[in-house]
Asks: 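Here it is, the structure in full.
First the proteins, then the strands, lettered A, B, ... as listed; each starts at 1. What's counted below: heavy atoms across the whole structure, side chains too, no hydrogens, waters or symmetry copies.
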Amino acid sequence: MKHRLTSTLVWTRRVGPNIFQQRFHQPTIARAAKAGQFVHILPADDLLFRRAFSIYAADPKAGTYDVLHQVLGVGTRSLANDPVGSELDTLGPLGNRFTPPPPGHTAVLVGGGLGMAPLRLWALEQLRQSSRRRSAPLPVMILGVRTKAQAVAPYQLAQHGLRPVWASDDGSKGFHGTAVALFDHLVQSGKLNGSRIAVYGCGPEPMMSALAKVCAAHGTFCEVSLERSMPCGYGVCMGCVVQGRDRSGYETFLRVCRDGPVFDASTIVF
Amino acid sequence: MKPKATKAPAVDLSVEIAGLRFATPIWTASGTAGVGEEVAEWCDTARLGAMVTKSVSLEPRSGHPYPRTCETAGGMLNAIGLQNKGVEDFIRDELPRLRAMATRVVVNIVGHTQEDYVGMARRLARERGIDMLELNLSCPNVARGIDNGSDPAWVEECVGKVRAATRAPLVVKLTPNTNDIASLARAAERGGADAISAINTLVGMSVNYHTFKPRLSNVTGGLSGPAIKPVALACVHKIVRAVKIPVIGIGGIASGTDAAEFLIVGARAVQVGTANFRMPDAPIRVADELAAYLAAKGIGRATDLIGRLSL
């Protein structure tokens, strides 16, 4: 039996323009969290529905997990303004997780904006795998932002040995262009071997669509993490659907909260 | 906002409807608890009065595209479009799981025509483990969903035909999108309904003032949640005075005292809907809170609260 849990706010940090990182103490979630999964938090008693957040970091020993979010409406504003020590009604961890790459394949993580949130946890899991099995290749992280100011906390990646390759729409940070264009360029130029990589994407849906198409063109395994407004988060309301294909190839609506949020990109009809 | 475990006081919550005993008057509402599988992960289903399934149709339906839901002041709009796999897949994949649950099973059925309802009732009559059928004559999110269900003559004829096709107890779920819900209830009673459930959602709309577009792909949807509770109570009040068969209240019930209000007005049971989206254990909490309320009032049985409205 699953239970609603109390998450206690440990701290809130502003890490970008209107972007906040928040740490919660909740040992059950911290121990169980896998990269790709999310928590469903009720930001305030007077709001009807919870808000879904990808798990950005988890520390099983400390019993804490982090989320990363941009203030976009009443729910995220309320959460960002909560004082330290606030107790939030939480469901989690919910949803599925990223699938490990086949042996010998390099994990390539392609994130857009706050889509980097679940990818960071996945990159750290991959790094742990690499340190256990020396033959396992290190993950490659490609992150796209609109402008340099939106590059969230690069030091948080560097301190774990992650050195992301950046792309920005205005050319102010790294490659001038999108993260998908940069990924395509790296494959085309032979810096990444399309048949020896597994790609994991998270970001705006047009970006995930573009990434899926590029990966399909290169014959590359690709998983995408999708985002939807979710009234329930546990699979009953059917509100968060995306057009996809079931196992028989028939087109159907899949629930992002329950069938995802991580999908094999070839099963989504973008 | 800390989730608190509640312990139910010793109060008899059981109620009887159509000759069946229900452990509590708190049921799930159709469309808000799937077909039970997900809810069972969060709730001890033995403590539910009944599990009312998502609407099942004769043929599979894919439903409407995203966005299908939208939060509004005190409520939500939905236009899911009755996505379901159809009755044959329901019987094969989902009914065995429902049958295994230690609660009453009410299968909600929906059709385009009266013949659809009759066909569904006949097909389901051959299956074990179904305690009741709830006829959804009132979905606002599909073509002809309300048109038929707001015509008393059509309601009476449809219920009558289904009545002739099955011995299963029949609950008829009515729309509030009419100017005379009492006449619909009387029509359902004349057709042979064993109970009335009310209300389904109210037609509503929301617009994104940045993009000038509707917030739902279907343009309009069904309004539910706390915002509709006063409307639901008024409808139940009208229906209770219009018919002799039991009434099951639906609309914005999220607490024990919400449920109590419906019982006081005369409902014999209630269905918890939108609250399930906020709290996956909502029906159990509502039942526990109702028990606590009754105990505090010195009322030993839920049935003793029914119809105690003081006018």
Asks: Strictly distance-based, threshold 3.5 Å: is any side-chain N or O of B:Tyr66 a donor or acceptor partner for the main-chain N or O of A:Gln243?
Replies: no
Asks: For A:Phe253 and B:Arg68, work out which heavy atoms get closest and say how close.
Replies: CD1-NH2, 3.2 Å
Asks: Which residue out of B:Cys43, B:Ala73, B:Pro226, B:Ala254 racks up the most heavy-atom pairs below 4.5 Å with chain A?
Replies: B:Cys43
Asks: Taking every heavy-atom pair that is under 4.5 Å apart, which of B:Gly74, B:Ala275, B:Gly34 has the most such pairs with chain A?
Replies: B:Gly34
Asks: Need one label for B:Cys70: side chain, backbone, both or neither, based on atoms under 4.5 Å from any heavy atom in chain A.
Replies: neither
Asks: Would a 4.5 Å heavy-atom cut-off, applied to side chains only, mark A:Val236 and B:Phe277 as touching?
Replies: yes
Asks: Between A:Arg258 and B:Glu41, is there a side-chain N and carboxylate O pair less than 4.0 Å apart?
Replies: yes
Asks: From A:Met230 CE over to B:Thr69 OG1, what is the distance, rounded to the nearest 0.5 angstrom?
Replies: 10.5 Å
Asks: Non-hydrogen atoms of chain A under 4.5 Å away: do they reach the side chain of B:Pro67, the backbone, both or neither?
Replies: neither
Asks: Flag the pair B:Pro280 / A:Leu91 as yes when at least one side-chain heavy-atom distance between them is below 4.5 Å, and no otherwise.
Replies: yes
Asks: Highest number of heavy-atom pairs under 4.5 Å with chain B: which of A:His40, A:Glu251, A:Arg51?
Replies: A:Arg51
Asks: Heavy-atom cut-off 4.5 Å, strictly under: side chain, backbone, both or neither for A:Arg228 against chain B?
Replies: both
Asks: Is there side-chain contact between A:Leu48 and B:Thr274, with heavy atoms separated by less than 4.5 Å?
Replies: yes
Asks: Of all heavy-atom pairs between B:Asp44 and A:Met1, which one has the smallest distance, and what is that distance?
Replies: N-CE, 3.6 Å
Asks: With side chains defined as the heavy atoms from C-beta onward, is the minimum distance between B:Glu38 and A:Lys2 less than 4.5 Å?
Replies: no
Asks: Restricting to non-hydrogen atoms, name the atom on B:Arg278 and the atom on A:Arg50 that form the minimum distance, rounded to 0.1 Å.
Replies: O-NE, 2.7 Å
Asks: With only heavy atoms counted, which part of B:Ala40 is less than 4.5 Å from chain A, the side chain, the backbone, both or neither?
Replies: backbone
Asks: Within a strict 4.5 Å, meaning less than it, do heavy atoms of the B:Met279 and A:Asp89 side chains meet?
Replies: yes
Asks: Looking at B:Arg97, I want to see if its CZ is surrounded by more than 12 non-hydrogen atoms of other residues, nucleotides or ligands under 6.0 Å.
Replies: yes
Asks: Which one of B:Pro65, B:Gly31, B:Gly225 has the most heavy-atom pairs closer than 4.5 Å to chain A?
Replies: B:Pro65
Asks: Which value, rounded to the nearest 0.5 Å, describes the distance between B:Ile80 atom CD1 and A:Cys237 atom SG?
Replies: 6.0 Å
Asks: Tell me which of these, A:Ser7, A:Ser86, A:Pro231, has more heavy-atom pairs under 4.5 Å with chain B than the rest.
Replies: A:Pro231
Asks: A:Val241 versus B:Gln83: any side-chain heavy-atom pair under 4.5 Å?
Replies: yes
Asks: Checking B:Thr32 against chain A: side chain, backbone, both or neither under 4.5 Å from a heavy atom?
Replies: backbone
